[in-house]
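Here's the structure we're looking at; comments come further down.
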Amino acid sequence: MDAPRSILRGPEPSLRVTDLHRQLLDRLLGAVAALGATPEQAAAAVRLDLPKNRDHGDVAFGAFQLAKLLGQAPPALAAAVAGALPPDDLLESATSAGPFVNFRFRRAALARAVLTAIQAQAAPYGPSPATGQTVCIDFSSPNIAKPFHIGHMRSTVIGNALCRIHRHLGNSVQGINHLGDWGMPFAKMMTAYMRWGNETELHRSPMRYMFDLYKRYGQEVKQNPALDDEAAKHFQALESGADNAERRMWQLLRDESLQAFQGPYSRLGVTFDHITGESFFEDKMEAAMARVTATGVLERSEGAEVVWLKEQGIKEPCILRKSDGTTLYHTRDLAAVFHREATFHPHRILYVVGAEQKLHFDQLKAVLQKMREPIAAAVEHVPFGLVLSKTEDGKWEKFASRAGNAVFLDEILDEAVAKVRSIIREKNPDLPNADQVAEQVGVSAIVFNDLKNSRIKDVKFDWDSMLNFDGETGPYVQYACARLGSILRKVDLPVPAADQVDLGALADAERVLLVMLDFGTAVQRAAEQSEPSHVTAHTIALAGEIHSYLRDHYVVGAEPAVRDARLVLVDAARRLLVTGLRLLGIEAPERM
Ligand code: ARG
């Protein structure tokens, strides 16, 4: 499905766009008013879009809606609007094509608007002023008593990008790690540790060690099913809230895991505003259950307490309490929604969780709808596809690592970094800070690969294509930044202010400038659709355009007026690439 292409609507823009768009919109509103549209009609029907084909114009206006309100034929209205907008210092042309009006900005105006704004770090290139919108982003959220799954890596990377993108847009973001630190899986881990565990081993390598315990439990329980009863008893003891051995064990395993995650989290540039795992909701579930009961939607079914969702089109009921009285994953998520609502008053709550949990979140939202809770509207599952790896015979299948399902995030990152280190050793043996660069580039390769396509698609995990410096990869975009940086160093002059140079010299840089113009739209769409790939695509497009521009335009050695204008362009491209990468959670090395 095509994304909505509108970039600006009515006198109150729905997007933070450039001055250029705003000025054009003013002219357009003036023109339609002169043609008889009331301010209300204009507000409802005047919007700027990206033209289907950029060769037709930089921006377009589709006249359908306004024509309907005015009782005119769209092509006739489009022609009249185009006729009412003669060329001026902003507009080179306004031409109608059927029901559309296509606008072309004067190249000097385009260059000035884009480059001054980038230099000034003005929105949409730099951070926007606060919007008053609050977005909760629930991401990463591994189960600490079960293996870290490659899906958790995707959630971590996508969620991190969404946090950064929303912050850039001036939204207030609450990044939340809804750690799986409660329930039976945790009780089993505790049982395994109490029977076979050893603190020295645990400290040495917590994730691996817990993974070994997890496997051992799985094997032993086949011979000895009573282990599960033991686990259930430990869980009861834990849930009792008493200060007992179970509570201390829980604290130990949780602390160790969190500390172990901290390494990869900081390598990925990930931070959380709250680490409120499932355990945090332990004492908040009764109030949540009471709230469900009060709305009359809770029913008994075979001893369990459930909410039927047939009217919502979901066959499976949402079970909130099992017949043995215990609570579930859903119960904690429900308590979490209420907690977030009361604490943050969010406009959106995004759950960055694999597509396989679709039913879970559909049910959660449907329960809230059935309860007529307005917060239901804020609940948005942000699903994503699988990670695939190549089998021996070259087929793609669900990611498998040497440890089976488990992924040791640190080891994946280490492997990427080691590979980059050896590429550097081969290609650029004298590079200063080679280890630091290898870290930045290796991590970026993995992150970028994850964010490159729309999130719902499966990700192919393939070292060769991730690390291809000429492909659509993190290293490619980072390399573009480094190349621009090296040009700036060679020229070794302060970059002049954009309004101080002869921008006419950039008449042939229009493709670069048009991509730059689109940055704000890309970021906005990424936020609206929870789709960081719009930003990834923008960085690839900009890197590509500036590379091809620099193929036939040199900066060093050009005559001073031209050099100065190109210097401004190169510097702006670098700033914008660095900003785009930063929104994805990627750093750009100075040299590589
Ligand atoms: N811990 C869960 C899992 O690994 C993901 C939690 C997602 N967040 C949530 N609020 N349910 O499957």
Side-chain angles (χ1 to χ4, degrees), residues 135-160 162-163 173-189 207 210-211 214 250 253-254 257-258 260-261 264-265 270 272-282 284-285 288 316 318-320 327-344 346 348-368 373 375-376 378-387 398-399 404-409 455 530:
V135 186
C136 289
I137 306 184
D138 177 319
F139 72 111
S140 192
S141 312
N143 301 317
I144 58 182
K146 284 200 210 167
F148 196 91
H149 190 271
I150 189 91
H152 293 120
M153 180 170 98
R154 288 212 72 190
S155 172
T156 307
V157 165
I158 296 170
N160 185 38
L162 291 177
C163 287
V173 172
Q174 303 292 338
I176 305 173
N177 190 339
H178 189 77
L179 216 56
D181 59 357
W182 204 248
M184 269 309 273
F186 206 91
K188 290 179 186 176
M189 174 62 62
M207 296 328 285
M210 285 174 72
F211 178 57
Y214 172 85
W250 172 80
L253 295 176
R254 190 178 187 274
S257 315
L258 269 180
F261 283 133
Y265 281 153
V270 171
F272 299 97
D273 300 289
H274 312 277
I275 301 186
T276 39
E278 292 186 43
S279 64
F280 179 79
F281 299 100
E282 172 59 5
K284 299 172 181 64
M285 283 187 281
E316 298 84 346
C318 177
I319 307 177
L320 291 174
T327 55
L328 300 95
Y329 181 42
H330 257 136
T331 327
R332 288 182 279 282
D333 256 327
L334 196 65
V337 171
F338 294 144
H339 176 76
R340 290 167 190 179
E341 179 186 33
T343 316
F344 309 119
R348 298 172 77 182
I349 309 178
L350 309 178
Y351 295 84
V352 187
V353 187
E356 66 283 355
Q357 290 193 28
K358 177 175 190 312
L359 177 63
H360 173 83
F361 290 104
D362 283 352
Q363 289 173 317
L364 180 65
K365 191 172 169 101
V367 167
L368 293 163
E373 293 282 354
I375 195 71
V379 168
E380 284 178 54
H381 181 204
V382 177
F384 50 80
L386 302 172
V387 178
K398 230 174 135 164
F399 184 90
N405 278 329
V407 163
F408 300 96
L409 199 43
R455 60 180 152 69
S530 300

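First listed ligand is number 1; within each ligand, the first listed atom is number 1.
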Residue [X] vicinity, atoms of ligand 1 by number, heavy atom under 4.0 Å:
| X | answer |
| --- | --- |
| Y351 | 10 (N) |
| Y329 | 2 (C), 5 (C), 6 (C), 7 (C), 9 (C), 11 (N) |
| Q357 | 3 (C), 12 (O) |
| D138 | 7 (C), 8 (N), 9 (C), 10 (N) |

Describe, in one word, how the ring planes of F261 and F148 are oriented to each other, choosing from parallel (under 30°), tilted (30 to 60°) and perpendicular (over 60°).
tilted

If every non-hydrogen atom of Y265 is compared with every non-hydrogen atom of S140, which pair is closest and at what distance?
OH-OG, 2.6 Å

So which atom in R332 and which in M285 form the shortest heavy-atom distance, rounded to 0.1 Å?
CG-SD, 3.3 Å

Side chain or backbone of H152 under 4.0 Å from ligand 1, or both, or neither, by non-hydrogen atoms?
side chain

Which part of F281 is near ligand 1, with near meaning a heavy atom under 4.0 Å away: side chain, backbone, both or neither?
neither

Is the shortest N/O to N/O distance between D333 and ligand 1 below 3.5 Å?
yes

closest protein heavy atom to atom 3 (C) of ligand 1 is N143 ND2, 3.5 Å

Do V407 and H152 have side chains that get closer than 4.5 Å, going by heavy atoms?
no

Result of checking R340, H274, Q174 against D138 for side chain to side chain donor-acceptor pair (under 3.5 Å):
R340

In chain order, what residues pass the side chain to side chain contact (heavy atoms under 4.5 Å, CB included) check against N160, with sequence neighbours excluded?
F139, R164, V270

